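Here is the structure we will look at, set down as structure tokens.
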Amino acid sequence: MTPDIEERITEKRKPSHEIHPIFTERWSPRALERDMTEEDLMALFEAARWAPSSYNNQSWRFLYSTYQDDEWKVFKDLMNDFNTKWAEKGFALVLIASKTTFDHNGEESITNSFDTGAAWENLALEAARRDLVAHGMQGFDYKKARELLEIPEEFKVEAMIAIGSKGDESSLLEDMQVKPNGRKELEEIVTKGKFSF
Ligand SMILES: Cc1cc2nc3c(=O)[nH]c(=O)nc-3n(C[C@H](O)[C@H](O)[C@H](O)COP(=O)(O)O)c2cc1C
């Protein structure tokens with residue numbers, strides 16, 4: 001990370017209460033490189049695996065391709081043009097799906113997306129801890145993903161992730177460069193009692 005970006009992180013990302021620094025250090029740059037291994041990638045999935053879920057249903061599923069695999073083109077071609085430009089420089093592309101029913105009784109799950117979101121964040125935090133990038137994406141063709149990756153109807157296509165080592169953000173075209181951003185104030189998202197936003 002360049003000192004300039006480090007400065008911007010601390011400037012924009014000041015928590016209002018004392019929390020572990022990993023939460024504010026995780027962010028979503030677009031400058032990706034390939035200085036990592038498939039073993040590193042497996043460690044990210046391992047972190048995801050330990051997320052909590054309703055009935056321990058573990059609805060999350062991760063389909064992936066590294067840039068060295070035959071499937072790479074299929075994953076790459078799912079993304080819109082903008083995302084392809086930066087994400088194809090990374091080490092791996094991941095498609096996240098969630099099972100919409102419970103394993104134990106086949107009934108509909110209400111929290112499959114919620115639980116899978118927790119797993120994704122585990123993965124992203126472990127990536128940050130290793131100074132790797134895990135950048136979430138919704139800019140891809142959900143229908144095509146289901147078709148080409150043969151995802152059954154019982155599973156919801158949730159999102160994609162671009163994963164890689166950190167590159168130099170200033171090497172990207174200006175409209176692609178991303179700066180560490182801030183967050184809504186606590187009062188805007190938390191209330192005691194009834195809905196009052
Ligand atoms: C589910 C999801 C979808 C996203 N889709 C895209 C995307 O298609 N393209 C992109 O450049 N960034 C995408 N992002 C990145 C968000 O813009 C980013 O996470 C948000 O601005 C917060 O910034 P931070 O992750 O740096 O804290 C996505 C993030 C998430 C979690």
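Indexing begins at 1, ligand by ligand and atom by atom, following the structure's order. Computed from a predicted structure; not experimentally measured.
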Is ligand 1 less than 4.0 angstrom away from at least one heavy atom of His135? yes

Quick one about Lys99 and Ser109 (side-chain donor to acceptor, distance below 3.5 Å, no hydrogens or angles considered), yes or no? no

If only side-chain N and O atoms count, and only distance matters, is there a donor-acceptor pair under 3.5 Å linking Asp115 with Ser53? no

Give the numbers and elements of all ligand 1 atoms closer than 4.0 Å to a heavy atom of Gly139. 8 (O)

May I ask you to check whether Glu46 and Trp50 show a side-chain donor-acceptor distance below 3.5 Å? yes

Say whether Ser98 and Glu158, considering side chains only, have a donor N or O and an acceptor N or O under 3.5 Å apart. yes

Short list, please: which atoms of ligand 1 are under 4.0 Å from a heavy atom of Met137? 3 (C), 4 (C), 5 (N), 6 (C), 7 (C), 8 (O)

Nearest protein heavy atom to atom 3 (C) of ligand 1, by residue and atom, and its distance? Gln138 N, 3.4 Å

Give a yes/no on ligand 1: does Trp86 have at least one heavy atom closer than 4.0 angstrom to it? yes

Contact check, Arg30 vs ligand 1, heavy-atom distance below 4.0 Å: yes

When you measure from atom 21 (O) of ligand 1 to every protein heavy atom, which one gives the shortest distance, and what is it? Asn181 ND2, 3.0 Å

I'd like to know if Lys85 and Asp81 make a salt bridge, using a cut-off of under 4.0 Å between side-chain N and carboxylate O. no

Under 4.0 Å and counting heavy atoms only, is there anything from the protein next to atom 16 (C) of ligand 1? no

Give a yes/no verdict on whether any heavy atom in Arg13 is under 4.0 Å from an atom of ligand 1. yes

Of the side chain and backbone of Arg183, name the one, both, or neither that has a heavy atom under 4.0 Å from an atom of ligand 1. side chain

With a 4.0 Å cut-off on heavy atoms, is Met160 in contact with ligand 1? no

If you scan protein heavy atoms around atom 1 (C) of ligand 1, the nearest is Ala159 CB, 4.2 Å

Looking at atom 25 (O) of ligand 1, tell me if a protein heavy atom falls under 4.0 Å from it. yes

Does a salt bridge link Arg129 with Glu126, judged by any charged N lying under 4.0 Å from a carboxylate O? yes

Establish, from distance only, whether the side-chain atoms of Tyr55 and Glu107 form a donor-acceptor pair under 3.5 Å. no

Numbered atoms of ligand 1 (with element) below 4.0 Å of Asn83, judged on heavy atoms: 7 (C), 8 (O), 9 (N), 10 (C), 11 (O)

for atom 18 (C) of ligand 1, nearest protein heavy atom and its distance come out as Ser28 OG, 4.0 Å

Any donor-acceptor pair under 3.5 Å linking the side-chain atoms of Thr37 with those of Asp40? yes

Any donor-acceptor pair under 3.5 Å linking the side-chain atoms of Asn181 with those of Arg13? yes

Gly136-ligand 1 polar pair, N/O distance under 3.5 Å: yes

Can you name the nearest heavy-atom pair linking Gly90 to Tyr67, along with the distance? O-CB, 4.1 Å

Less than 6.0 Å separating the ring centroids of Phe75 and Tyr64? no

In ligand 1, the atoms that come under 4.0 Å of a heavy atom of Trp27 are 26 (O)

